[in-house]
Amino acid sequence: MSRRVALRAPAKLNLALAVLGKRPDGYHDLRSVLVTLDLHDDVLVAAHRRLEARTSVDVGPDDLTARAVRALAASCGREPHAFVRVRKRIPLAAGLGGGSSDAAAVLRGCAALWRCAADLVAVAAGIGSDVPFFARGATAALVSGRGERVSPLPAPPAPLDVVVVRPTLRLATADVFAEHAADEVGAERHVDAVAEAFARGVVTAELLRVHAANDLLAAAERRCAAIASWRAAAAARGIALALTGSGPTLFAIADDRADALRMARILTRAGLRARAHRACVA
Ligand code: C5P
């Protein structure tokens, strides 16, 4: 049996995100289409005599990877003993799901090391709202509930070309949800249109641009004024930037790779940290 497992933990984009309402438990019911991004952390999980989790940057006291080891060990009825090492590339608290993806990679790694047949998506739901998507391992999915219901969608034949604007700022998810007003809704029909296009295999860049709505945008802009100024700077150059998750990372859907590189150049000249990426990649 292998005593160490190396995994890639991809980032995600929310192509569209609807907030359906606040729940009695304080969380919000969501509906969102998520896709993986070609930006990833490297995660190593190995057998060890105790729990030791190391990350290449300081992730603060609430390390989701240690929580993932403990949660899976509890569900398999064994000691939470594992060595975890994460080399971060995905920026923290950016709306790209890096910490959640690392946690899901740890679940997969520990399950392989321990030969444990637990339902990883169910265990993931107890760790964080974005973890089930990554634990499911789909490149595209319609996610609902608090994030625990994951319906994989067929990936388009080719990856999606996108431009990602990565600010150096951090924005706490909880702060953006706390800022969200009950009447800031309306993206549900956009989420459903995107999900239907994936399901029917008719995804186009134009369709994704039309439906790139996010009910958290106004709340994120109130928490982080820079988001509105970056979007205005891009709009003045003919580029519509959408918000992923609770932000502050923004993205634009490109027609193809050349279009993504062209937009990244324009945005970089405008002073934004923009890069061409591919989404919906395994
Ligand atoms: O689940 P996770 O720990 O990632 O969520 C961080 C915070 O974001 C929660 O404490 C909650 O305030 C908010 N949240 C929410 N509804 C969701 C997901 C997150 O209100 N569906």
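All values derive from a computational prediction rather than experimental measurement. Indexing begins at 1, ligand by ligand and atom by atom, following the structure's order.
For the 3.5 Å distance criterion, the side chains of Arg146 and Ser129 qualify, holding a donor opposite an acceptor.
With respect to Asp41 and Arg87, no salt bridge is recorded, no charged nitrogen being found less than 4.0 Å from a carboxylate O. Residues Arg189 and Asp192 are not paired through a salt bridge, judged by the lack of any N-O separation under 4.0 Å between the basic side chain and the carboxylate.
In terms of heavy-atom proximity, Ser144 sits nearest to Arg31 at CB-NH1, 4.3 Å.
Around ligand 1, the residues contributing at least one heavy atom under 4.0 Å from the ligand are Gly26, Tyr27, His28, Leu30, Gly128, Ser129, Arg146, Thr173, Ala174, Phe177.
Evaluated for a side chain to side chain contact (heavy atoms under 4.5 Å, CB included) with Arg136, the options Leu120, Leu34, Val121 yield exactly one hit, Val121.
With sequence neighbours excluded, the residues forming a side chain to side chain contact (heavy atoms under 4.5 Å, CB included) with Ala212 are Ala242, listed by chain and number.
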